[in-house]
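Read the structure below first, then the notes.
None of the values given here were measured: they were computed from a predicted structure. Note: hydrogens, waters and symmetry copies are ignored here, and every other heavy atom, side chains too, is used.
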There are 2 protein chains.
Amino acid sequence: MTNIKEIAARAGVSPSTVSRVLNGNGYVSEDKKRRVLAASEELDYAPNLNAVSLKRGATRRIGLVAPMFDESVQRFTGGFVRAAQAGGYSVTLFITGMDRVREREALEALRHKQVDALALVIFANDLSLIESYAKYGPIVAWQRVVAEHIPSVFMNQYDGYMLGLEHLYSRGYRRICNVYGSTSRLNTVSRMDAYRDFCAAHGLDEHELEHFYEISTIEDGERIARLWTESPRRPDAFIAANDYSAAGLVAEARRLGLSVPGDFAVCGFDNLEFARLLDLTTIHYPVDLQAGNAFAIIRGRIEDIELPLRPLQFHLVQRATT
Amino acid sequence: MTNIKEIAARAGVSPSTVSRVLNGNGYVSEDKKRRVLAASEELDYAPNLNAVSLKRGATRRIGLVAPMFDESVQRFTGGFVRAAQAGGYSVTLFITGMDRVREREALEALRHKQVDALALVIFANDLSLIESYAKYGPIVAWQRVVAEHIPSVFMNQYDGYMLGLEHLYSRGYRRICNVYGSTSRLNTVSRMDAYRDFCAAHGLDEHELEHFYEISTIEDGERIARLWTESPRRPDAFIAANDYSAAGLVAEARRLGLSVPGDFAVCGFDNLEFARLLDLTTIHYPVDLQAGNAFAIIRGRIEDIELPLRPLQFHLVQRATT
DNA sequence: TTAATCTATGGCATCGATTTCAGGTCAAGC
DNA sequence: GCTTGACCTGAAATCGATGCCATAGATTAA
């Protein structure tokens, strides 16, 4: 492959001069500039980025770490990659399957200078382990975390969840059942807080119904729909932690011949693509902008500048299930 | 950051010996081996992969180029990344949005040795341009292409489509309307071939109905459902190029109060996640294994070995829409 | 006893770029 | 006439690792 030295030889200058021309810094006479450019054109030159990265001590590459690749992650990834590309960075993907060892390999990639920074979608290892890698480069999280060196781009789920709850209330539902996700996540805690405050504000008994925890898949949702039919104290509405479980609920209910929202209403969360297909009421938020913010934070730290973050808002998408 | 030289100093050996120990080649006495290992432990050493890549002339990194992220691409990406990680490679993502310039940047990344190889999901540039980059490293395509230096991992869509057609026939449908995707793709051509042969085999008139072309989105599908109601020559079944359009068809039909499959049957293609939610009959094929094959081809070329490819099969998933 | 082979180690060139340093020319300013 | 500073250039060090080559002692074979 052709390198800077060959260009130098062909143009009759030193490698330093070639570098100066190609990077546009320092003084170079017009004449030599032209000759270098011509030579690099003729030789079909492309700088070896490994050498550049080595010398500069930076790769302009960011690692994106996700447990798997579902639609939410995909959206985040899409937004992140687009923002990064626009900023002249590329993105290397690490899929961990929530496996700690795999995840650790991604962290090691940062230590090995394979990437300049990491964006963690959701992580499996202890926060303290993650934090111990922060000295090798910026790390931001999507999931909400409380850690000094790990900023996160979470949105206040309290607000979004409250939006859903108030919507259900306004449509006349009073026996609202919560279908929570993983209780170890702060997001879930925020949602539980929202529900408590919601009940207090409207004089509802928050313990009247049994709620569900650790729910995340379509299958989980389907199971809940089946349980409903034999439940002694039936809720008249469900609010779910994500659209997967909500969709499972709606789809299974329809299969069972139940009417949604006649028998019970369902409100999802995330506004995934299939929500529209099922006419599922759900809560939307701009994942791609959030990913853009994640990138902005990272870039800000790498280049030591202050970049503005886009303010993000939840937004209720009302469809036929409420 | 600590490097090989510092370890050498601390262990009282030369950098060459350190390299030998860490890479496990050449002769090193047990004593020095121990000292090097201890020193590298104490200094929390991590090799700088940029230097390694520069020296070795290979990065063990593969670029994955996709126009955007729908669920199919997402599946392919997931399968590819997992296979690559298992093989000790990492994957850098390029999202092109079908923009030729962006796509070209991905090709350039290969030329600049940022990646060792490229996997193209779907590409926008001329095949000849893509081919001109093959000299910089292996390039495989997902989309079916005919090019000497660009192998692809396409499956014969003819078989899959025929599976759907025969299924519809066996369920008694005779007025089958094709909802084709982009006619510039060879996949679509194969499907058109299948339909012709299918008609010939069953003595059907392939020109009796009007078919649809360039259909790909949910909205397209919804539009087709609405057209059906006012169509003079109504088909009794639709077979779609992908689940998006099929889902749009089904969802809109249900909204219009039509019965599926009472008024018309629908068979999709791809078996995306939401197909189950809509109880959509569709054609499944193992995208993740296909992605694994793509990686196997790439790896085989990089390491100059012969890797076995998994045989792939279509598979009809019958649900409630046929 | 001598030649051949194995084991062990360090020196140094190398991968391909960037950047500092030092040296040089030339014109403007005092 | 001398200083100052802008302009221009190449040599060489550097980033961090790898691996060839030379050397040399210890064995083994002839």
Side-chain angles (χ1 to χ4, degrees), chain A residues 1-37 39-40 43-61 88 108-116 136-137, chain B residues 1-37 39-40 43-61 88 108-116 136-137:
Chain A
M1 290 295 128
T2 135
N3 57 26
I4 212 176
K5 229 161 144 187
E6 292 176 35
I7 296 182
R10 185 169 187 117
V13 299
S14 74
S16 334
T17 301
V18 176
S19 173
R20 255 169 244 143
V21 173
L22 266 26
N23 292 291
N25 42 24
Y27 296 109
V28 182
S29 66
E30 275 309 314
D31 173 47
K32 301 210 168 176
K33 202 175 279 180
R34 234 176 299 115
R35 268 155 53 205
V36 166
L37 257 19
S40 97
L43 293 174
D44 190 32
Y45 172 72
N48 182 321
L49 291 184
N50 295 310
V52 175
S53 295
L54 170 60
K55 186 73 231 238
R56 289 212 210 280
T59 58
R60 292 189 81 80
R61 203 181 303 123
E108 284 292 306
L110 180 62
R111 198 160 87 90
H112 291 246
K113 297 184 168 302
Q114 200 183 5
V115 296
D116 294 341
Y136 302 115
Chain B
M1 288 296 129
T2 133
N3 58 25
I4 212 176
K5 227 162 144 187
E6 293 176 34
I7 296 182
R10 186 174 189 114
V13 299
S14 74
S16 329
T17 301
V18 176
S19 173
R20 252 169 250 144
V21 173
L22 266 27
N23 292 290
N25 43 22
Y27 297 108
V28 182
S29 66
E30 275 309 312
D31 172 47
K32 302 210 167 173
K33 203 176 279 180
R34 234 176 300 112
R35 268 155 51 205
V36 166
L37 257 20
S40 98
L43 294 174
D44 191 32
Y45 172 72
N48 181 321
L49 291 184
N50 295 309
V52 175
S53 294
L54 170 61
K55 188 75 234 249
R56 289 210 209 280
T59 58
R60 293 190 80 82
R61 203 179 302 123
E108 284 293 307
L110 180 61
R111 198 160 86 91
H112 289 81
K113 296 183 169 302
Q114 199 184 6
V115 295
D116 294 340
Y136 301 116

Note to self: Quick check for you: among D:dG16, D:dT9, C:dT9, whose closest atom lies nearest to any side-chain atom of B:T17?
What the structure shows: C:dT9

Checklist line | Nearest-nucleotide pick for A:I4, side chain only, options being D:dG10, D:dA6, C:dA17 | finding: C:dA17

Next item on the list: Grab the CG-P distance between A:L54 and D:dC15 for me, whole Å please.
Entry: 9 Å

Next item on the list: Figure out the CG/P separation between B:N25 and C:dT7, and round it to whole Å.
Entry: 15 Å

Note to self: When you compare the side chain of A:K33 with that of A:V36, does any pair of heavy atoms fall below 4.5 Å?
What the structure shows: no

Checklist line | A:R20: partners by salt bridge (Lys or Arg N to Asp or Glu O under 4.0 Å), with sequence neighbours left out | finding: none

Note to self: Output the rounded distance in Å from CG (A:N50) to P (D:dC15).
What the structure shows: 18 Å

Check: Between D:dG19, C:dG10, D:dG10, which one does the side chain of B:R56 approach most closely?
Finding: D:dG19

Item checked: Gap between atoms CD and C1', on A:E30 and D:dA6 respectively (whole Å) -> 16 Å

Next item on the list: Among the candidates C:dC15, C:dC6, C:dA17, find the nucleotide nearest to the side-chain atoms of B:Y27.
Entry: C:dC6

Next item on the list: For D:dC15, take OP1 and OP2 only and decide whether either is under 4.0 Å from a side-chain N or O of A:S53.
Entry: no

Next item on the list: Using a cut-off of strictly less than 4.0 Å, decide whether B:K32 has a side-chain nitrogen or oxygen near OP1 or OP2 of C:dT9.
Entry: yes

Margin query: Counting distance alone, no hydrogens or angles: does the base of D:dA11 have a donor or acceptor under 3.5 Å from a partner atom on the side chain of A:S16?
Written below: yes

Next item on the list: Answer with base, sugar-phosphate or nothing: what part of the nucleic acid does A:S19 contact at a heavy-atom distance below 4.0 Å?
Entry: base

Next item on the list: Return the value, rounded to whole Å, for the distance between atom CZ of A:R111 and atom P of D:dG16.
Entry: 15 Å

Checklist line | Euclidean distance, atom CG of residue A:N23 to atom P of C:dA17 [Å, nearest integer] | finding: 10 Å

Notebook entry, point to check: Okay, side chain of B:N50, backbone of A:K113: is any donor-acceptor separation there less than 3.5 Å?
Noted result: yes

Next item on the list: Identify whether any heavy atom of B:V18 sits under 4.0 Å from a base atom; if not, whether one sits that close to sugar-phosphate; answer base, sugar-phosphate or nothing.
Entry: nothing

Item checked: Atom pair distance, as rounded to whole Å: CG in A:N48 and P in D:dG16 -> 17 Å

Note to self: For B:L37 and B:L22: C-alpha separation, side-chain torsions, deciding distance, then whether side chain to side chain contact (heavy atoms under 4.5 Å, CB included) applies.
What the structure shows: CA-CA 8 Å; B:L37 257 20; B:L22 266 27; 4.1 Å; yes

Notebook entry, point to check: Rounded to the nearest Å, what distance is computed from the NZ atom of residue A:K5 to the P atom of nucleotide D:dA12?
Noted result: 13 Å

Note to self: Give me the atom names and distance for the closest heavy-atom approach of B:R10 to B:L43.
What the structure shows: NH1-CD2, 3.7 Å

Item checked: 5'-most by nearest nucleotide on DNA chain D - B:Y45 or B:R20 -> B:Y45

Notebook entry, point to check: Which listed nucleotide (D:dA17, C:dG16, D:dC8) is nearest to the side chain of B:N3?
Noted result: D:dA17

Checklist line | Any B:R111 side-chain heavy atom under 4.5 Å of A:D44 side chain | finding: yes

Next item on the list: Can you check each nucleotide of nucleotides 22-27 of chain D against protein heavy atoms at under 4.0 Å and return B for base, S for sugar-phosphate only, - for none, in 5' to 3' order?
Entry: ------

Next item on the list: Keeping the roles fixed (side chain from A:N23, backbone from A:N25), state whether a donor-acceptor pair exists under 3.5 Å.
Entry: no

Margin query: On DNA chain C, compare the nucleotides closest to B:G26 and B:A51; which residue's is nearer the 5' end?
Written below: B:G26

Note to self: Please give me the minimum heavy-atom distance between B:P15 and B:K5, naming the atom from each residue.
What the structure shows: CG-CG, 4.3 Å

